Every structure is written in C-alpha cells, then in structure tokens.
Amino acid sequence: MAGGTFPKIGNKSMLYYDLEMHSVFSTLSLTTLCYGVCLALPVQWKKLITQRTSTVGVQVIVKPKPRLPSGPGGLNQEAVALPPLLARVHPGPFSPPFQECTALPFETVSQHGQDPSHSHALNNAITPGSQLQHSRENIISNSTIIGSVIQYPDAAPLPFPDSYDGQKLKKALVEGLEFVPLARECMQDTCVAILSDVNARIHDSEDSNIIWIKGFPGVGKSALASTIVSRLREQGELLSYFVFDRAKPTITTTRALWRRISWDLVRLYPAARPSLLKRIDDETFDVNSPNIVSLFTSLIIEPLSHLHRGEPRDAQLHQPVVVVIDAADECGGLEGPRSNDRKALLKTLERWHSELPKDFKLVFTSREEDDIKRRISPISTHIHVSIDTKEASSDIHRYLEDRLEDIADAYPELPVNWAHQTANHLAKRAAGVFIWATTIANFIEAGEPQSRLKAIDAGLGLWGKQGSLYALYASILKVSFGGLHGEEAEAFKTVVGAMVFAQRPFDDSDFTAMSPVVTGSMLRYICKGLRSVIDEDAPLRFVHQSFVDFLLSAECPYEFAIREQQQQLSTLCLATLSKQLRFNICDLETSSLKNADVPDIEIKVKAGIPSLLSYASCFLAEHLRHTAFDECLMVHLRVVFKEKLLYWLEVMSLLEEMHRVVPILRMVADWITARDGDLTEFVCDALRFIMAFTIPIMQSAPHIYLSALPFAPEESLVAKYFLPRFPQLLALDTSKPSRWSLMRITAIALSPDEKIFASGDEGGDICIWDSETGILISGPLIQYVMGRHLAFSLAFSPNGKYLLATYGKERMVIWDVESGKEHLCFGGFSEGSGSSPLHGDTSEGIISAVYSKDGHMIVSISEYDDPTHNDKFHYRCRVRSWDTSTGSLAHILLDLPGSGHDYLLSPDAHFLVSWGHANGTPLRVWDLTERPPRGVIEQNAIDEESSWTLAFSTDGISYWLWLAYQTMSV
C-alpha cells in the first residue's frame, strides 16, 4: 500500500499518511509542518502519534477548523495536546515524522459509532479536553507561533543521544556492538617521562598525526593508554578510544573501531552529523560493508573534514582532537598479520595519516610486529617503552611495594618491613617487565604470601634469568595445579583451549557443555588456579596476551600444552549442530511474516537457538580449517551439511548471519575435497542454491522451504534430496529450469565502493553480487529484446547507483542497481531495436562503454563494417559520447581503423588507448576531454609480445597504462 486516505466524517478535516514518503498531510493549509502535526483525528490515531513522538522536545497544538459540528466515528472536537515532539520545524519539503512507522491493520481504525471511552489504554494516552481547555489561552499567549505550529518558549531540547537524529545515528553506528574496557591506569607519579613526551607530541601541530607507542609484551603499554585517555578526557581533548582483544577477534574488529569513533564524533560535534544523516537517509550507508576503507571514509574522513573546514561556520572544534587505540597488534585474533581485518586496520591508519590534518591525532599502542613496523613506522612518530630505564625499574618497585603492603595488611604476623624488602627483591627480577610484576603480585595474593614466594623461588630461582615471563608462567602453573593427570588434565586443556581459540568468549554453560569432565566445581578449580593470569570479571579471559603466547610455545610444559584443542572445538561444533538442529527451530507460527516482523522474534531466537548452537553455526569453519582430516568428523559433516543443511540455513537466517554461509560452505568443500566426492558435490550444489535464493532466505526462514526449494532446478542435488521430505510444498509444472545456469561470463564490473560487483553472461543476464561473500544480491536483470543477447561490457556510475550494460547492436541499458529495473534504454543499431539505426549502420554494435568522471556523459566504443572493403574481416571503430539523462547522442569523437587494433577506455572516460597487432604499429593514447580529442602519447618501440595486456588503473590523481613488462604514465 503506497498510501491511504481517511474518509471525511461530517465536516472534520482528516489526515493523509503516505507510507512511501513517510509524511503526514492534512487538508489544512499549513505553510510549515512539524514532525507529528496532529489535527482532529480518531482516538486510535492520536495514540499512534502519542506513542511515536514521546521522546522528543517541543509541544505542539493545532486547532481544528472552527464551527465544525461533531461527527461520528469517535472523533474528539477539541484539539489534542501531544507529548513533546522533535525540537525542529521543517519548512519546505515534508520530512519523515515517524522513522519506523508502518501500515496499521485496518481493524485498528475506529469503527463507525464506536465509543473511544471503551479503551482504557487509549484514554490514558490522551489529554482530557477539560485539562486542555483550561490551559489553552495561557499556552497561546505565551508561545511563539510558527506557521500553524505553537511552540513553548521554555521547551528544553533533549540531549542529543535521546533526540530523533541521535537515536537514528546510534542505531546505525553502535547498535549491537560490544566494547572491551580499558586496563587499569598507571599508578600516580609513575611513567612521568613517557606521559610528558606523549602530551608534547599530541600538542605539536607540525609533527605526524599518528603517535605509535611500542614495546615488548608486558611493559605496560595498556596502562599507559588508559592513563592517556583519562588525562585527555580531563583536558577536553579526547574524541574516542578503542581496545582490541585477541580473545575477541569477531567483536573487536576494525569495523567496530571506526563505528565507535564515528559515534563519539557525532555525539560531541554537531557539525559532523549532517554527512552521516544524509547517507542514512539516502540509504547509501552500510556499516556491514566488506570495504572497510570505504566505510572509514564515510564514518571518519568526511565528518572530520567538515569539522576542519568549519562547516557550518559556527562549528566549534577543540584542537587537538585525539583518538586512542590500545593493543592494535591484537587486531585479527590469532591470525594476526595474516587476517584481513588487521590489513584493513593498517590501511585505514594510512588513510588517517594522509587525509586528515596534523591536529587530528591518533595515539595507538602495539608490539613492534613486522607488518605494523613496515606500514606504520614511516608515517608515525614513535615512543618506545623501554624496560632498561631507571624510571621503569622505579615504577615497578613502587607498584610492587604498594600491592605487597595491601597484602601484608591481611597478615599481621608478617615482618614489619616484609613488603619493602620483598618489593626490592622482586623489582630486580622483573627487569622492567610490568606484567611480570603484576602476575607475581596476583599469585602471591591468591595464597599464603610466604609459602607462595618459596614455591616460586623453588621453581624459578629468584636469582635466575631476570624478567622471564615464560619461566614465571610455568612456575605458577606447576605451583597452582601440581602434576595434572586424568580428568583434571582433560578439563584444564578443554577450558584453557576454548579460552585461547574460541572466536568469542564462552560463558560457564558453554564450558560445561564441552565435556562431561568440565563440571561446575571443576571449572571453579581451574579458575582458582589461573587466578593470577585471568580477568576477575566474567567472561573468562586472560589478562595479558603473553600468557596465550606461552601456552602455544614450545616452552610450555607438556601437561599444560593445548595444541590439540582446535580439533576438540571442531568436534564440539559439529556434535552440537548434528544434535540440536531441527525443522522450525524457533517454532514460528506463520510463514507470512518476514523474520524482522515476527512478534517477539528476539525472545524466540534466544529460546530456540542456545548460545553454543549459535556459536557452532557461525564459527565451525574457523576451527575446521585448523583441524587435520578425521573420519569421525566426516560423519558429523554428512549429517550437518546434507541431512540438516536447510535447518542450519534456518538458524543462520534467524541469527542474521547469512553473510557467513558462503565462506563456511566453501571451507567445508575445501576440507573434504577428494575424500568424499558425493558430499563435495552436494555442498557445491548447496553453494549454488544459496547464491540463487539468498534474498528470500535472508528475509524469512520459512521461505527456505516455501520459495527456494520449489524453485530450485530439477537436477539440483539439494532439491532432489529435500523435496521428497516435504511433499506438501508448491510444485511447479512448467517453466522450471532443469539445471543451474552454466552461461559463460562475458563481462564483469566492480562498484566504486567495492561492496558489490556485477556480472553479465552470454545470454544477456546480469547479476549483482556481494563482493565479500559472493552471495547473489539482485538479478538476473534480463533484456528480452529480439531474443537473448550477449552482455559485452558493464560499468557502474560514479555514485554506484546505476549499472551500464552494452548489448552489441541491440542497445545500451542503464539499470537501477537498487530496484533492478531498467532506468534508460538507448543507442540501438539494429533495425528492430525500437528506433531507426544510427547512421544506417545496421552492422554496428557497441562493445564497450564507461561513465565520465562526473557521471553526466557516457563514452562508447562501437565496431562497424569498413565500407572500403567487401569482406567481414575489415571493420572500423567509432567513439561516441552520450547524454546520461536522455540517452541522446552528444558527439562522435573519433572514427578509427578497427581491424588489427585493440581499443580500451580508461575507467572515467578520460583517455582512449589503441594498439595495433602488427609490429611497428604505434601505441596511441587520446585525451577524450578535449574537442577534438588530442593525442597525448605515441610510442613505437614496444615489442609485439607485450601488446596483448592493456589495462588502466587509477589512484585518483594520475593515470597509468600497464603493458606486459612495461608501465607507462599517462
């Protein structure tokens, strides 16, 4: 329903609500509308507006037309006083009053003659007429009248996070994110020199805008980051902060980093909001975009650039503006430098340096790992946290003495100077490694102090190698657990292995579900033994990454090593899936609703899909890739990815995790290749099934069975296997394909933001795909004109909204990417293409076309028979420009020999390059922006072998033409 009108009842003025434009109109002539303007209307609709506008800050009263008699239908004659509305009056175009307003059921509208007093709930939502009448004159006499809107003079706007725009931005930017808290700050009067150095570099407007605090594991980088955040906050210079955690690789991601920082940016600076609000309103903003660099531009570069330029003029910018990132080396989890997320982080840090002014500072801490050093070292100013300084030793001594004094207070029997002497002793052993001091203090605190010291002394030798974390960790484990054996050893490796390798933290119920030996009491025993190296708060996590490194190293004693736990987690995931997956897992009652529209869907999902099943569904592949082949696992794989494949898809649809499905299936296919040919073939068919029906499956779990399965080709292995199990499903008698399309791909194009790509095949079908997952998003877009015609080329418009396809002699078509509909069709040369052939050349066909940089023109290359030769092997080429708004021909730019030549347009139609196949034929480049086009390069001495590779790449400033063995700047 695009829109709806209420009938007139008596002479009352009714509302018109247009669902497409999200606007409320009335028969009153209002020169200015405010969000949620309410005229005389049925009680139920008053409730709607009351509910929808209860969180915003201007009160509005609009009186009905005078002298109108009361009519039937439960209408009130008095004006309705609404709760506070949004403190913003919009002149001109109508704006959306209710961001989430949808069509109401017909039965919610008051029936003829219904008494509104019968609804207690509705009455509570309406101000009684007597109360309104009592205060009306006072309201009007003390209010500012804007158009037909009366605004209270003392109306206080709500804080930004609670406002309409604030809620919209908060939902888009940080809804669903989890954040890791900062570490403890440095003790007072410690790290003075380093903190002073950091402060000086932050306020140096000539220095780099990236400050890298680096150092060995355990030297106190996280404590420094926390202290820097605290001081910047006090000074009013902190924009935002973020903490990476290797134990939470799917939570602390680069995408989450920039979303968090963008939210803090718009929360603090109003001038940064318009660009993001516009992207949200235009639906050109996707926080789940696989292109992190493009997302970084939308979230950070554009809003900060507006601030720096002072847009609007009254924008107040605190300088410097500082972001703090802690533990950047933990981005990407255990994959570290190999992870795509870590690579994306470094790319965005490079963009921060190159595109933002020097007073927009970014401070980050990390270990000095090779990839970070290679990419960040040239563009940053460095601060090395050294362990070989007097300040480091003094700070550790101060820390230890403070901790030990607290411990001694609980043991009055200890010598008076015990804390001071022990601190002197241990500070030397710490050798500047702060985490060594923290760990041993935690260990001493967890037991009787003197016996703990003796145990560590016996294991370490306090005069042995100084600052050895691994030696300290080994001793702590041996003291805490002794000689692990039997069920204790199995439980330890199970719990610790999950803490190290799990893609998100496990809770207690997940641990106890892993193995029968991990009981509640066993879990408490393990936590007690690990007390000195784990976080005090739930969920279980290690305080420092160095302990994880130790557990994975060759120096870890065998009884504590966890090298086999990836296989255990693979087994856990597959066993959970094979046991718990079932049909209609969330007990949905109807298939007529999308997942998002099902009442209480969050409750149903939480009840139907337990935490461990959710984890196994999403992260199985992450463990399987690190697991050696095992026939026992194959048994589970056959159950999950054949017998219960559709039930797994239900779970992924309801969890809104469909973007993970294709990568998981590809991983499974790779893992079983050559070991089970039948299952491999079935999984490959499942991949085609998913790509073909992603949209209905993503939107509605029941439509896996109702829409996808019945329409799958007859030869689909998935359809053959499951259709007999659901005999009541819709059956298609005609027009059902026998097999998946095997058309040869003839054209491909990547969108400007790299989120999607388009493909065209020899049958003319065009499909839009997700670049990250390979899932079909839209299509096929089919041109049925004089039969099926090959798609010669594809090109996206600069804004990514349109896709240009060329079909040879038939025509060019501009497709609307979002709707999948034809936007414009033009440029045909065949006699049956709907218009007279251009220039009478019915043999001519367009083989390539691209958009100009501004998107206003299209430049095409076409081939036609050479009239000076009688054979079909001689042809010529024409280069034309077209108006994108009308499709009309603007210019014939060039007419060139075609036979024996290759032609290529640059991506923005700026240049054309030609190369002849015969030796001695020069390479030529034309500048198509000039009239007539001017040759800018002509080069002869390039060997014939290099003539077959022609491609442009662009960095936005210069253009480069690549040939085999040679690169040329244009």
Side-chain angles (χ1 to χ4, degrees), residues 183 215-223 244-249 327 329-330 332-337 365-369 385 387 396 426 429-446 452 455-462 464-484 488-502 505-506 526-536 540-566 568-569 626:
F216 292 113
V219 296
K221 299 185 295 294
S222 292
F244 282 101
D245 187 342
R246 190 171 271 115
K248 300 179 178 180
D329 55 293
E330 298 194 27
L334 292 175
E335 291 189 8
T365 71
S366 79
R367 304 183 189 187
E368 195 172 5
E369 297 190 353
V385 183
I387 61 176
I396 287 176
L426 295 179
R429 283 291 293 116
V433 180
F434 195 89
I435 192 61
W436 192 99
T438 302
T439 303
I440 203 163
N442 291 342
F443 180 70
I444 293 169
E445 187 178 36
R452 288 275 167 147
I456 287 295
D457 193 15
L460 272 180
L462 288 181
K465 182 180 178 182
Q466 294 185 346
S468 173
L469 271 176
Y470 286 7
L472 175 63
Y473 290 147
S475 295
I476 287 175
L477 289 178
K478 289 179 179 179
V479 171
S480 300
F481 295 101
L484 277 179
E488 289 182 1
E490 181 182 347
F492 175 88
K493 294 189 176 187
T494 298
V495 171
V496 174
M499 291 176 68
V500 171
F501 294 122
F506 277 15
I526 293 169
C527 292
K528 183 178 178 181
L530 294 172
R531 180 178 168 183
S532 57
V533 292
I534 62 174
D535 203 327
E536 296 176 359
L540 286 180
R541 60 184 295 274
F542 295 114
V543 170
H544 201 266
Q545 179 61 27
S546 59
F547 187 73
V548 175
D549 297 340
F550 160 72
L551 292 170
L552 298 175
S553 73
E555 296 181 42
C556 181
Y558 175 77
E559 62 266 34
F560 304 110
I562 55 168
R563 301 178 185 91
E564 306 298 326
Q565 271 51 57
Q566 287 280 24
Q568 185 180 27
L569 287 167
H626 299 293

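Note that this is a predicted model, so its numbers are computed, not measured.
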Side chain to side chain contact (heavy atoms under 4.5 Å, CB included) between T365 and V385, worked out: CA-CA 10 Å; T365 71; V385 183; over 6 Å; no
Full working for side chain to side chain contact (heavy atoms under 4.5 Å, CB included) between L477 and E559: CA-CA 10 Å; L477 289 178; E559 62 266 34; over 6 Å; no
Residues I396, W436; criterion side chain to side chain contact (heavy atoms under 4.5 Å, CB included); working and verdict: CA-CA 10 Å; I396 287 176; W436 192 99; over 6 Å; no
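Scanning all heavy atoms of the two residues, the minimum distance from R452 to A446 falls at NH2-O, 3.9 Å. Across G497 and Q565, no two heavy atoms sit closer than the pair CA-CG, 3.6 Å. The shortest heavy-atom contact between Y558 and K493 is O-NZ, 3.5 Å. Shortest non-hydrogen contact noted between S222 and A183 is CB-CB, 3.8 Å. Scanning all heavy atoms of the two residues, the minimum distance from G332 to P249 falls at C-CB, 4.3 Å. Of all the heavy atoms in S532 and I476, the pair that sits closest is OG-CG2, 3.6 Å.
The CE atom of M499 sits 5.5 Å away from the CD1 atom of I534 when rounded to the nearest 0.5 Å. Rounding to the nearest 0.5 Å places OG1 of T439 at 9.0 Å from CZ of F547.
Looking at D329 and K221, no side-chain N of the basic residue comes within less than 4.0 Å of a carboxylate O on the acidic one, giving no salt bridge.
Under the 3.5 Å distance criterion, with hydrogens and angles disregarded, no donor-acceptor pair is assigned to the side chains of S546 and Y470.
Side chains of N442 and V533 form no contact here, defined as non-hydrogen atoms less than 4.5 Å apart. At a threshold of 4.5 Å between non-hydrogen side-chain atoms, the residues L426 and I444 count as touching. Proximity of C527 to L540: side-chain heavy atoms (C-beta onward) are separated by under 4.5 Å at one or more points. With contacts defined as side-chain heavy-atom distances shorter than 4.5 Å, the pair F542/V496 qualifies.
Taking the centre and axis of the six-membered ring of F443, the NZ or CZ atom of R531 falls outside the cone set by 45° and 6.0 Å.
Classification of the F481-F492 ring pair by plane angle, with boundaries at 30° and 60°, yields perpendicular.
Under a 3.5 Å cut-off, the side chain of R246 and the backbone N or O of G333 do form a donor-acceptor pair.
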